[in-house]
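Let me begin by presenting the structure, written as structure tokens, before commenting on it.
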Amino acid sequence: MSHTEDRYNVKETEAAWQAEWERRGTFRAVEHADRPKYYVLEMFPYPSGRIHMGHVRNYTLGDVVARYKKARGFNVLHPMGWDAFGLPAENAAIQNNVHPAKWTRENIAAMREQLKSMGLSYDWGREVATCEPEYYRHEQKMFLDFLEAGLVYRRESWVNWDPVENTVLANEQVIDGRGWRSGAAVEKRLLSQWFLRITAFADELLEALTDLERWPDRVRLMQENWIGRSEGARVRFALEGRIDGLEVYTTRPDTLFGASFCAIAANHPLAAELAADNPALAEFVAECNRMSTSEAAIETAEKKGFATGLLALNPVRPEQRLPVYVANFVLMEYGTGAIFGCPAHDQRDFDFARKYGLPIVPVVAPPGMDPAGVTVGDAPYTGDGLLVNSGFLNGKTVPEAKRAVIDRLEAEGVGERSVNYRLRDWGVSRQRYWGCPIPIIHCAKCGIVPVPEQDLPVVLPEDVTFDKPGNPLDHHPTWKDVACPTCGAPARRETDTFDTFFESSWYFARFCSPQVSDRPFDRAAADYWLPVDQYIGGIEHAVLHLLYSRFFTRAMKQCGYLGVDEPFAGLLTQGMVCHETYRGEEGRWLFPSDVAKTADGGLIEATTGRPVTVGRVEKMSKSKKNVVDPEHIIGTYGADTARLFMLSDSPPERDLEWTDAGVDGAWRYVNRLWRMVGDALASGALPPAGAAAPAEVSERAVAVRRATHKTIAAVTEDLERFHFNKAVARVRELTNLLSERLSAGVDGPGEPWALREGLEAAVRLFGPMMPHLAEELWRRLGHEDLLADTDWPTAEPALLVESLVTVAVQVNGKLRGTVDLPVDVDRAAAEQAALALGPVAAAMAGKTPRKVIVVPNRIVNVVV
RNA sequence: GCCCGCUUGACGGAAUGGUAGACGUAGCGGACUUAAAAUCCGCGGCCCUACGGCGUGGGGGUUCGAGUCCCCCAGCGGGCACCA
């Protein structure tokens, strides 16, 4: 580690420091009640087999935060684990005839080695894999606790069903209405499933968003929209010739007088009843049921309706008869599964009315329009205004009319105020093998019986086969046969497993004490570490994973597991890693590693020399082959180079384009820094490590010290705000200056000391970003201790203040010059100095200033 | 379809409403070298000989002053409940 070489030996150096950190247990986390804690967590990966650049970016960001906070004196918890249940393992099993457990465990082993080569400051002693019974047994217990607490229930719900594979399909497995593997037309099917009552916390989850101040606004907004709280009314329409009525939910009860139809969901009980003796309607309902369950598919499909022949009586206009349709865009899950349509003031209702020739009656006059002459143009009007054609509501504003009409409906007993949420309860049943078994037993006599606590965990059997369509747990010869815990009669195990979001909804708590086996985690440890201070991951998890975790935390609290409401106090959502795409002849996608550059800068296929077309920069994906293997990059340039590039080119929230040139640039910088420190030491000009500051310091040396301390202050601020790219730029600026001074020849009182201070500052500031190089240089600079155990540098305030400041001078907002002024000079003096500038006088063309705006230490603007 | 975000030199990006383009990448010129690589130095938004003018996706607005705030539009991307 300490010989003099001309080139930086990355491989040896990085491996040596990784071994040293591990040997010393540098990153082991231990609870210290007297020290401030800081919990840094990156979203744990699905063990797909190899890490990808998205992981490298995510974990680099987290590692910078973890190492920085450690240097700032925090007791840091920075764990890593594996989100190890999921579909890809089953797909691999089917395609490659390898057992999901074996596949997953091998992937974990491979990826662990890859992550270790990045030099991440994890406490590997806390590693967890969610597919192991030691982990998932606890969520089985939690599920039973939730059941007892009334947070779990069972009901029927619709799924995408592949009739050939005999299996439920994920939305992403449904392509154009067909199963991705079988190609069979997908059907909707009703299955009995377990649900978690997330809607019980809808208001709380919504309101608590306000306090998540360290979450990005857009994520909070996305969750707000997802929860989708709306205030409206439930309105009951009588049905002509029937004793039952139709209850609809609406956010626009003010437009009731403009209603021209009602529509119900295809799976509304009324639709089912009517379809029983109406084959055409039955066919229409069946057609709706063939649509995917995804909202995007439903919303983009052509809006269709089927007139049932039923007529509904408008409660505010009893003489009016509204046709009742079954419509493919009405969702049973939302509101009451029935709506009334007011075409004049809603786009979808408008389209529907146009299509089926229904009346379009305006009932809201836009502001400024004559209420008497309101007509409907090419588009519905959805804004505020005054009610017209609406009986007792005429002349009221939209909000007034809402209040008035609901009051009337309530008085007449035909409706009431109602708050509705778009949020639906969380269906957690999956008809899949590679997941956590749901600890329930079905008994013919006793019904649904929870697995007794002493029988937990229900272990997922590994002796299963994938040769038949459907769920292997179902085909297992013996596993599901069990005696009923209540009556002892033969009974059957639940063969569904949990949604894999279940595992990721509490892993952050497990990390607090992964070693305990009789509970999910130790309460005291959770009380010490939680909430996670900084969570880092992709924006694609902005809603589901983060909302489920927020819900789960509340559910765990309600059951006494922990004491916090919110799992993640701070959130950073990183952008994607992108790369150019390449196609060869015949349009085949090519890996970047298959593409070579010709002398004139053109691109060819490396092996054949045939031409290559360059496509757009897109998210790295296997399908387009625009991927770069992190292992290859780390093997060639080292982890620090990869980390530096990840940090320096783009702010973390934005997408990052991976380029060879960028990596080369980072690599050159790593070597430049290494050389610069080596040369400085070899020159013998620097004082030894720890030397006291000299009494006399020249102006030149003070200038270096100012630059050093300004950099320390700025980088500290940048890291606090996650502006890593700016932090890198600033240290580079400092090392550019130091390099200049070093090559100019060190001289004058105090300069060698100032240069050492500068070099050490650069090394320390880079510590969280390029830990191996920084650790190596720190040692070479003569320090015995580890940089990883060294405190963050502090800026001396006296060196941050300047006596002069450059002030811009504008005439009518246009820059005409600058002037150097003492800091905080009075306005009159600033104005005088500005007016004295030649170009300023020229631009004023002899006119007298009408006004002079002076912003102290910034700008003087002369208005003429 | 609905919701959210982004758009600044050739490229990635800087810029509490106050000097647009920090820092880097690519490029160009030079030094070193037999040569190349590496390294070092210099140049660098666009137009103009200059004075100066024009520039932050397009259009409008607020302001002494707009990349930044407001409105409209376009393009690109993310999410939409069983991928994780």
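Throughout, protein chains are lettered first and strands after them, A, B, ... in sequence-line order, and every chain is numbered starting at 1.
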Looking at [N], which nucleotide sits across from it as a Watson-Crick or G-U wobble partner, both distances under 3.5 angstrom, or is there none?
| N | answer |
| --- | --- |
| B:G77 | B:C4 |
| B:C43 | B:G27 |
| B:A14 | none |

TODO: Among B:A14, B:C40, B:C23, find the nucleotide with the atom closest to the side chain of A:R672.
DONE: B:C40

Do [X] and [Y] sit within salt-bridge range, that is, some charged N less than 4.0 Å from a carboxylate O?
| X | Y | answer |
| --- | --- | --- |
| A:R432 | A:E90 | no |
| A:K355 | A:E302 | yes |
| A:D351 | A:K303 | no |
| A:D217 | A:R220 | yes |

Which is true for [X] with a 4.0 Å heavy-atom rule: it touches a base, it touches only sugar-phosphate, or it touches nothing?
| X | value |
| --- | --- |
| A:N225 | sugar-phosphate |
| A:E733 | sugar-phosphate |
| A:L221 | sugar-phosphate |
| A:N671 | nothing |
| A:T818 | base |
| A:R654 | sugar-phosphate |
| A:T806 | base |

- [ ] Look at the side chain of A:R668 and the base of B:U25, then say whether one donor and one acceptor between them are separated by less than 3.5 Å.
- [x]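 No pair found.
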
Between [N] and [M], how many Å separate the two [atom1] atoms, rounded to a whole number?
| N | M | atom1 | result |
| --- | --- | --- | --- |
| B:A84 | B:G24 | P | 43 Å |
| B:C28 | B:A36 | P | 14 Å |
| B:U49 | B:C40 | P | 36 Å |

- [ ] Compute whether any side-chain donor of one residue and acceptor of the other, for A:E165 and A:S182, lie under 3.5 angstrom apart.
- [x] no

- [ ] Evaluate the ring-ring contact (aromatic ring centres under 6.0 Å, His included) criterion for residues A:F195 and A:W426: first the C-alpha distance (whole Å), next the side-chain angles of each, then the deciding distance (0.1 Å), finally the verdict.
- [x] CA-CA 5 Å; A:F195 282 81; A:W426 175 16; over 10 Å; no

Open item on the list: Before you tell me yes or no, could you show the steps for A:Y46 and A:F85 under ring-ring contact (aromatic ring centres under 6.0 Å, His included), namely the whole-Å CA-CA distance, both residues' side-chain angles and the distance that decides it to 0.1 Å?
Closed with: CA-CA 8 Å; A:Y46 180 79; A:F85 276 138; 9.9 Å; no

Open item on the list: I need a per-nucleotide contact map over nucleotides 68-84 of chain B, read 5' to 3'. Cutoff is protein heavy atoms under 4.0 Å; write B for the base, S for backbone only, - otherwise.
Closed with: --------SS--BBBBB

